[in-house]
Amino acid sequence: MMESKFMRAICTILFCSFTFCFLFFYQADVMTVVQHLASGRQTFYNPLLGAVLITATLKLLQVGVSSLAKLGKRGFALTYFPSFLILTIISDLRPTVDGVTFGNWLWATPLLIIVYVFVLISVKRFEPYEPEQRSFGPFSEMIWISLLLFLFYFLFTGLLSNNDRYFHQRAKVEALIDKRDYAGALNVVRTMPHTDSVTSMLTVYAVARRGQLADSLFYYPLEGDASTLRPGKVHSWLQPDSVLYKVTRNSANYQLTGFLLDRNLSEFARYLPEYYPADSLRPRYYKEAMKILLLKKQGLRLVPPYKKGSYASYYYAK
């Protein structure tokens with residue numbers, strides 16, 4: 001009896017610790033995006049509260065499965081499989097245009113449940129004939145079997161949940177911008193090996209909110225031209241188009257930066273004097289762009305290497 005209680009306590013500690021840490025430290029940003037989209041953009045996910053509630057709910061599910069299966073020996077850890085399965089499924093939901101999708105889990109889940117029920121019934125029938133334990137204490141056979149099953153569960157959840165690094169990075173950018181931590185979001189963008197038009201739109205938005213659009217934008221990876229980087233053409237997971245559009249609508253720097261993103265230096269030179277009539281007042285990128293345009297008219301170009309984060313590095317990369 002004491003051996004069984006010790007095994008149950010070990011399983012509870014392992015399950016609750018893994019589930020909470022997995023949700024709070026690894027999947028928090030992904031769950032923020034998925035929950036918001038799954039609710040039709042009506043509610044927002046709280047990482048701490050969400051991790052606690054999901055962990056508690058999945059533990060209650062295990063208690064329910066255990067009360068039905070009544071496994072008390074070497075097969076007890078099997079009662080945690082449905083909880084790990086649900087944890088894996090909710091961690092692997094993918095955003096779509098209309099919400100989220102379950103992907104391959106729609107057909108894989110029923111199959112796994114059928115296999116699980118078959119295994120559970122087989123173990124239950126064999127349980128009365130199990131040999132007596134040959135060892136007791138923390139290193140008993142019962143404990144080691146439970147630990148091996150939990151190792152399988154950890155690998156199952158870790159490998160089959162959403163572990164796409166780029167997806168996690170974009171979700172983190174979205175979550176940080178939603179918290180108005182623009183510096184943190186840009187630090188994540190800086191580490192991304194590549195980007196897409198949505199992340200680029202959010203990068204431009206975050207840089208603009210920091211007031212550095214004309215001085216530091218091209219330090220970050222960008223994809224797409226000015227038309228695709230404005231809300232309405234592409235859409236953020238968390239930020240409504242109206243919020244993004246409010247910043248871009250009447251911004252002179254947004255308009256001028258749009259010409260730079262399109263590499264349309266003739267239109268840029270046409271509108272620049274309306275906002276910055278004096279050359280001495282023009283920000284860094286605007287001066288660089290005018291220098292490039294002047295050389296272009298002379299049939300020349302700046303000689304590489306270009307400074308990191310300069311407009312030249314973006315303009316001549318095409």
Side-chain angles (χ1 to χ4, degrees), residues 26-37 41 44-47 95 164-264 268 275-276 282-289 307-315 317:
Y26 183 62
Q27 292 283 354
D29 299 318
V30 172
M31 293 297 292
T32 298
V33 169
V34 168
Q35 193 274 340
H36 182 62
L37 296 178
R41 300 178 182 270
F44 288 86
Y45 179 81
N46 182 293
D164 184 333
R165 183 188 174 192
Y166 181 75
F167 184 89
H168 276 257
Q169 287 178 314
R170 179 181 161 184
K172 190 171 187 64
V173 169
E174 294 260 8
L176 288 171
I177 288 179
D178 188 58
K179 298 173 184 175
R180 300 184 181 180
D181 183 0
Y182 305 115
L186 291 172
N187 285 335
V188 176
V189 172
R190 198 189 294 268
T191 65
M192 298 175 73
H194 61 88
T195 186
D196 58 19
S197 56
V198 179
T199 308
S200 296
M201 177 186 70
L202 293 172
T203 300
V204 175
Y205 173 75
V207 174
R209 295 292 292 185
R210 299 194 73 204
Q212 300 175 352
L213 199 57
D215 298 294
S216 66
L217 176 62
F218 297 102
Y219 278 99
Y220 307 98
L222 300 168
E223 179 70 29
D225 54 25
S227 62
T228 62
L229 297 182
R230 291 184 178 272
K233 296 288 186 178
V234 292
H235 305 280
S236 165
W237 287 329
L238 297 180
Q239 297 298 314
D241 287 348
S242 58
V243 171
L244 301 174
Y245 184 68
K246 184 178 179 180
V247 175
T248 66
R249 182 175 52 187
N250 298 317
S251 171
N253 284 326
Y254 244 98
Q255 182 182 18
L256 294 173
T257 301
F259 292 133
L260 297 185
L261 289 169
D262 287 339
R263 298 177 174 84
N264 188 349
F268 171 79
Y275 307 110
Y276 296 93
R282 292 171 183 173
R284 170 193 174 188
Y285 290 147
Y286 300 168
K287 291 180 179 179
E288 287 186 31
K307 292 182 179 180
K308 182 179 180 181
S310 67
Y311 178 62
S313 64
Y314 174 86
Y315 182 84

Can you give me the closest heavy-atom contact between [X] and [Y], atom names plus distance?
X: D196; Y: R170; answer: OD2-NH1, 3.6 Å
X: R41; Y: L238; answer: NH1-N, 4.4 Å
X: V198; Y: S236; answer: CG1-CA, 4.1 Å
X: Y276; Y: P283; answer: CE2-CD, 3.7 Å
X: A185; Y: L176; answer: N-CD1, 3.6 Å
X: M201; Y: Y254; answer: O-OH, 4.5 Å

Output all residues satisfying side chain to side chain donor-acceptor pair (under 3.5 Å) with Y45, sequence neighbours left out; order by chain, then residue number.
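Scan of Y45 (side chain to side chain donor-acceptor pair (under 3.5 Å), adjacent residues dropped) gives none.
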With sequence neighbours excluded, residues passing side chain to side chain donor-acceptor pair (under 3.5 Å) with D178
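So D178 forms a side chain to side chain donor-acceptor pair (under 3.5 Å) with Q239.
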Are [X] and [Y] close enough that some pair of their side-chain heavy atoms sits under 4.5 Å apart?
X: D262; Y: F268; answer: no
X: Y286; Y: D215; answer: no
X: Q169; Y: P193; answer: yes

Run the side-chain contact (heavy atoms from CB on, under 4.5 Å) test on Y275 and R282 for me, step by step, so that the C-alpha distance in whole Å, both residues' side-chain angles and the decisive distance to 0.1 Å come before the verdict.
CA-CA 9 Å; Y275 307 110; R282 292 171 183 173; over 6 Å; no
Between [atom1] of [X] and [atom2] of [Y], what distance do you get to the nearest 0.5 Å?
X: Y219; Y: L186; atom1: OH; atom2: CG; result: 13.0 Å
X: Q212; Y: R284; atom1: CD; atom2: CZ; result: 11.5 Å
X: T32; Y: F44; atom1: OG1; atom2: CZ; result: 10.0 Å
X: Y182; Y: R210; atom1: OH; atom2: CZ; result: 11.0 Å
X: L202; Y: S197; atom1: CG; atom2: OG; result: 9.5 Å

Set of side-chain contact (heavy atoms from CB on, under 4.5 Å) partners for [X], sequence neighbours left out:
X: P240; answer: S242, V243
X: V189; answer: V173, M192, T199, T203, Y220, P221
X: D164; answer: R94, N162, Y166, F167
X: Y26; answer: F22, N163, H168

Check whether [X] reaches the backbone of [Y] with its side chain - one donor and one acceptor, N or O, closer than 3.5 Å.
X: S200; Y: E223; result: yes
X: D29; Y: A175; result: no
X: Y311; Y: F218; result: no
X: R263; Y: D225; result: no

Considering the options V207, L260, N253, which one meets the side-chain contact (heavy atoms from CB on, under 4.5 Å) requirement together with L217?
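It is V207, the one option of V207, L260, N253 that forms the side-chain contact (heavy atoms from CB on, under 4.5 Å) with L217.
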